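From a predicted model like this one, the values you see are computed outputs, not experimental measurements.
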Amino acid sequence: MKLKLDLHDIYNRGDEIERALTAIMAEAVAKKAPLVEIIPGKGSGQLKKRVLRFLERTDVKAQYHRVEKDSDNFGRVFVHFRWK
């Protein structure tokens, strides 16, 4: 199972971006999903930087195993989880 979050529609609404990221991470933990795909889009790269800063927060980082930036598509980030 892979969860997917597309941020194209809310790219300019900071509060909603934060809520959407928090919600998708909580859903991944609740469902023990192995992978979350976050799509900030290509654009100027500011939204992707914001997503990566969110993922670097200590409280968030404790939830996942690793982050992978898609080498084929700049506008996509994968968050991998490891469940025991």
Side-chain angles (χ1 to χ4, degrees):
M1 169 192 11
K2 173 176 83 168
L3 299 177
K4 186 174 180 179
L5 174 64
D6 189 340
L7 296 173
H8 281 101
D9 295 340
I10 57 172
Y11 72 94
N12 61 353
R13 291 181 291 225
D15 297 352
E16 289 185 42
I17 292 167
E18 187 84 13
R19 276 196 295 277
L21 289 168
T22 302
I24 198 76
M25 295 299 284
E27 184 179 353
V29 169
K31 293 182 176 178
K32 294 198 180 310
L35 180 66
V36 171
E37 178 183 356
I38 301 173
I39 304 171
K42 295 180 180 167
S44 68
Q46 293 305 307
L47 185 52
K48 183 175 180 180
K49 286 180 187 174
R50 182 175 187 150
V51 168
L52 294 174
R53 274 195 310 268
F54 172 85
L55 293 171
E56 284 297 315
R57 286 186 3 203
T58 310
D59 60 321
V60 176
K61 202 170 192 173
Q63 298 176 17
Y64 65 85
H65 173 58
R66 70 184 174 93
V67 170
E68 173 189 1
K69 299 172 197 159
D70 190 344
S71 58
D72 297 329
N73 182 348
F74 178 78
R76 192 161 65 169
V77 176
F78 296 108
V79 182
H80 297 269
F81 294 82
R82 185 185 295 165
W83 305 108
K84 293 179 182 174

- Item | Exceeds 12 heavy-atom contacts within 6.0 angstrom, atom CZ of Arg82 |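 No.
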Got a donor-acceptor contact below 3.5 angstrom from the [X] side chain to the [Y] backbone?
{"X": "Arg13", "Y": "Asp9", "result": "yes"}
{"X": "Lys2", "Y": "Glu37", "result": "no"}
{"X": "Tyr64", "Y": "Val36", "result": "no"}
{"X": "Arg50", "Y": "Pro40", "result": "no"}

- Give me the one residue out of Ile24, Ile38, Leu21 that meets side-chain contact (heavy atoms from CB on, under 4.5 Å) with Val79.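 With Val79 as partner, side-chain contact (heavy atoms from CB on, under 4.5 Å) holds for just one option, Ile38.
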How many angstroms lie between atom [atom1] of [X] and atom [atom2] of [Y], to the nearest 0.5 angstrom?
{"X": "His80", "Y": "His65", "atom1": "NE2", "atom2": "NE2", "result": "8.5 Å"}
{"X": "Lys42", "Y": "Arg76", "atom1": "NZ", "atom2": "CZ", "result": "9.5 Å"}
{"X": "Leu3", "Y": "Glu27", "atom1": "CG", "atom2": "CD", "result": "4.5 Å"}
{"X": "Leu7", "Y": "Asn12", "atom1": "CG", "atom2": "CG", "result": "11.5 Å"}

Identify the heavy atoms of [X] and [Y] that sit nearest to each other, and give their distance.
{"X": "Gln63", "Y": "Met25", "result": "OE1-CB, 3.5 Å"}
{"X": "Asp6", "Y": "Ile39", "result": "OD1-O, 3.6 Å"}
{"X": "Ala20", "Y": "Leu5", "result": "O-CD2, 3.7 Å"}

- Find out if a path of hydrophobic residues (ILVMFWY) with successive side-chain heavy-atom gaps under 4.5 Å connects Phe74 to Leu55.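 In one cluster: no.
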- Message: Could you list the cluster mates of Leu35? Members are the ILVMFWY residues connected by side-chain heavy atoms closer than 4.5 Å, either directly or through other members.
- Response: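 Once heavy-atom contacts under 4.5 Å are chained together, Leu35 belongs with Phe78.
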- Query: Residues two or more places apart in sequence or in another chain: which of them pass salt bridge (charged side-chain N to carboxylate O under 4.0 Å, His left out) with Arg19?
  - Reply: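 None.
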- Check ring-ring contact (aromatic ring centres under 6.0 Å, His included) between Phe81 and all other residues, then give those that pass, not counting sequence neighbours.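 Once residues adjacent in sequence are excluded, the partners of Phe81 under the ring-ring contact (aromatic ring centres under 6.0 Å, His included) criterion are Trp83.
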